[in-house]
Amino acid sequence: MTPDQAFAYLTKGCVDVVTAEGLRAKLALGRALTVKVGFDPTAPDLHLGHTVLIRKMKHFQDLGHRVIFLIGDFTGMIGDPTGRSKTRPPLSLEDIARNAETYKAQVFKILDPVKTEIRFNREWLAALGSEGFIRLAATYNVARMLERRDFRQRYEAGAPISVHEFLYPLAQAYDSVFLEADVELGGTDQLFNLNVGRDIMPAYDLPPQVVLTTPLLEGTDGVEKMSKSLGNYVGVTEPPESMYAKLLSISDELMWRYYTLLTDLTPEQIESERARAQPMASKMALARGLVADFHGADAARTAEEEWRRVHQQKRAPQDMPVVRVPAGGLPCKAHEFLARHALAPSKSEAMRLLRARAVKRDGAVVEAGAELDGAPFVLSIGPSRFFRVELEGKSDPQA
RNA sequence: GGGGAGGUAGCGAAGCGGCCAAACGCAACAGACUGUAAAUCUGUCGCCCCUCGGGCUUCGAAGGUUCGAAUCCUUCCCUCCCCA
């Protein structure tokens with residue numbers, strides 16, 4: 001890879017690069033760069049949006065750089081003043097250790113565990129002492145702190161800002177000093193904190209780190225940011241089939257965004273994929289690749305077969321939730337059946353589904369008002385919800 | 001402390017005595033279409049009986065006026081804005 005290609009690869013998808021010249025110069029040093037990325041010690045439940053940053057770490061690993069996965073167990077006590085959560089309950093050491101393990105399980109699907117250094121900033125921040133902390137605080141000034149939007153807004157609004165809140169960016173900055181970071185990565189919301197690190201490093205006779213920020217990923221709806229609460233997310237621990245299906249249901253436009261932020265392909269490779277003008281094939285390749293990242297190639301293949309089976313051939317999936325009907329539960333009016341087994345939230349809703357001809361039994365539309373009988377059979381609701389209905393006590397001889 | 005505005009279905013927002021289970025938009029769900037989608041079109045979108053249709057409970061809370069209230073009155077709770 002030429003220096004230009006390396007630069008393009010590493011900055012692919014990034015929002016801020018502070019500064020581009022700085023990064024080029026660091027890359028030109030020809031040595032492995034120390035790349036630091038900080039994480040809260042809170043319990044991670046990662047979705048693809050979080051993996052944008054993690055994948056960026058991998059890109060540095062790919063090019064032979066030294067990547068430090070930093071768990072902010074000390075800074076976690078301070079609590080980043082992002083405004084939202086007012087008081088964060090302090091985590092115990094056991095909590096933090098457990099959370100770190102959970103991180104590993106999820107993050108090492110992408111990162112190379114051998115190449116990844118995991119550090120805890122309590123190691124050096126606890127050792128810093130009051131004197132060290134005061135020296136650290138002396139490297140910055142209030143005016144610059146107030147450049148942070150959150151602080152300025154509160155200051156101007158007369159809302160309180162605790163002095164300890166200023167210590168968070170400083171402590172984070174000191175991490176970079178201690179680790180002699182060449183590069184720090186973070187989400188766009190971290191830009192200020194990352195730059196504080198850059199700013200104070202010269203006071204410790206270190207060259208300023210380069211700051212890169214990764215964007216927030218749009219969710220599967222293509223509009224809102226990916227988030228659990230909006231339901232537009234793809235979780236990294238999600239089963240292969242649903243992961244694949246969700247990814248295939250994104251819009252063609254969004255697919256290229258995902259290509260940029262969720263794959264290791266270079267910008268040129270993505271461009272040539274796009275130039276093929278085979279959006280369906282490209283989307284399947286994307287989904288297959290992502291499923292493979294988290295579940296392995298075999299699972300990805302199986303998920304794809306399954307998807308073809310259900311969505312292209314319109315057949316029932318291999319595995320589907322089983323609805324067990326107690327003795328005497330059949331025959332039963334269809335709408336009542338759906339509501340009783342929680343396949344629809346209410347009988348009214350079930351009735352609507354039936355009227356819309358969305359409910360099928362073994363592939364044949366169930367008419368509104370019809371009765372269901374003669375289990376076992378496969379019941380489907382809409383294009384993607386399938387259930388195997390069985391009578392209690394009689395188990396399926398096949399499965 | 002003084003003055004003003006407002007709380008309507010998942011969200012936004014109309015309605016301001018009967019034609020209101022409540023316009024409209026978004027989201028959601030379903031159907032059609034398609035290369036899966038997206039886009040588009042159509043339908044649905046409180047609960048219950050369910051075929052039409054019918055019944056029941058909703059419009060911050062509790063009372064009241066009225067043949068009839070989301071709409072009027074009283075009290076209470078909450079939110080926002082301005083002045084001090």
Where the side chain of [X] is concerned, which of [options] is the nearest nucleotide?
| X | options | result |
| --- | --- | --- |
| A/Leu353 | B/U36, B/C29, B/C48 | B/C29 |
| A/Met280 | B/C48, B/G35, B/U44 | B/G35 |
| A/Pro383 | B/A38, B/U36, B/G31 | B/G31 |
| A/Gln312 | B/A38, B/C49, B/G35 | B/G35 |
| A/Pro279 | B/U36, B/C45, B/G35 | B/G35 |
| A/Met351 | B/C50, B/A38, B/U44 | B/C50 |
| A/Ala358 | B/G31, B/U36, B/U44 | B/G31 |

Output the rounded distance in Å from [atom1] ([X]) to [atom2] ([N]).
| X | N | atom1 | atom2 | answer |
| --- | --- | --- | --- | --- |
| A/Gln278 | B/A37 | CD | C1' | 16 Å |
| A/Lys283 | B/G35 | NZ | C1' | 9 Å |
| A/Lys347 | B/C29 | NZ | P | 24 Å |
| A/Leu254 | B/A39 | CG | C1' | 14 Å |
| A/Lys360 | B/G31 | NZ | C1' | 10 Å |
| A/Met284 | B/G35 | CE | C1' | 9 Å |
| A/Leu354 | B/C45 | CG | C1' | 16 Å |
| A/Tyr259 | B/A37 | OH | P | 18 Å |

### Query
Does A/Thr11 reach the main-chain N or O of A/Cys14 with its side chain, forming a donor-acceptor pair under 3.5 Å?
no

### Query
Where the side chain of A/Lys12 meets the backbone of A/Thr260, is there a donor-acceptor pair that is under 3.5 Å apart?
yes

Could you tell me how far [M] sits from [N] if I compare only their [atom1] atoms? Round to whole Å.
| N | M | atom1 | value |
| --- | --- | --- | --- |
| B/C76 | B/U44 | P | 44 Å |
| B/A13 | B/A27 | C1' | 14 Å |
| B/C20 | B/A28 | P | 29 Å |
| B/U8 | B/G15 | P | 14 Å |
| B/G1 | B/U71 | P | 29 Å |
| B/G12 | B/C48 | C1' | 29 Å |
| B/A38 | B/C29 | P | 10 Å |
| B/C67 | B/G60 | P | 24 Å |

#### Entry: Heavy-atom donor-acceptor pair, A/Arg355 side-chain to B/C50 base, under 3.5 Å
yes

Does the structure show a Watson-Crick or G-U wobble partner for [N], both distances under 3.5 Å? Name it, or say none.
| N | result |
| --- | --- |
| B/A84 | none |
| B/U71 | none |
| B/A5 | B/U79 |
| B/A30 | B/U42 |
| B/A37 | none |
| B/C47 | B/G55 |
| B/A21 | none |

### Comparing A/Asp252 and A/Glu336 on RNA chain B - which has the more 5′ nearest nucleotide
A/Asp252

### Query
If each of A/Arg385 and A/Trp307 is mapped to the nucleotide of RNA chain B with the nearest heavy atom, which maps nearer the 5' terminus, i.e. the 5' end?
A/Arg385

### Query
Between A/Gln172 and A/Tyr168, is any pair of side-chain heavy atoms under 4.5 Å apart?
yes

Are [X] and [Y] within salt-bridge range, i.e. N to O under 4.0 Å?
| X | Y | answer |
| --- | --- | --- |
| A/Glu94 | A/Arg98 | no |
| A/Lys104 | A/Glu101 | yes |
| A/Arg24 | A/Glu21 | no |
| A/Arg308 | A/Glu304 | yes |

Under 4.0 Å between a side-chain N/O of [X] and OP1 or OP2 of [N], yes or no?
| X | N | value |
| --- | --- | --- |
| A/Ser348 | B/C48 | yes |
| A/Ser346 | B/C47 | yes |
| A/Arg352 | B/C47 | yes |

### Query
Hey, do the aromatic rings of A/Tyr140 and A/Phe166 have their centres closer than 6.0 Å?
no

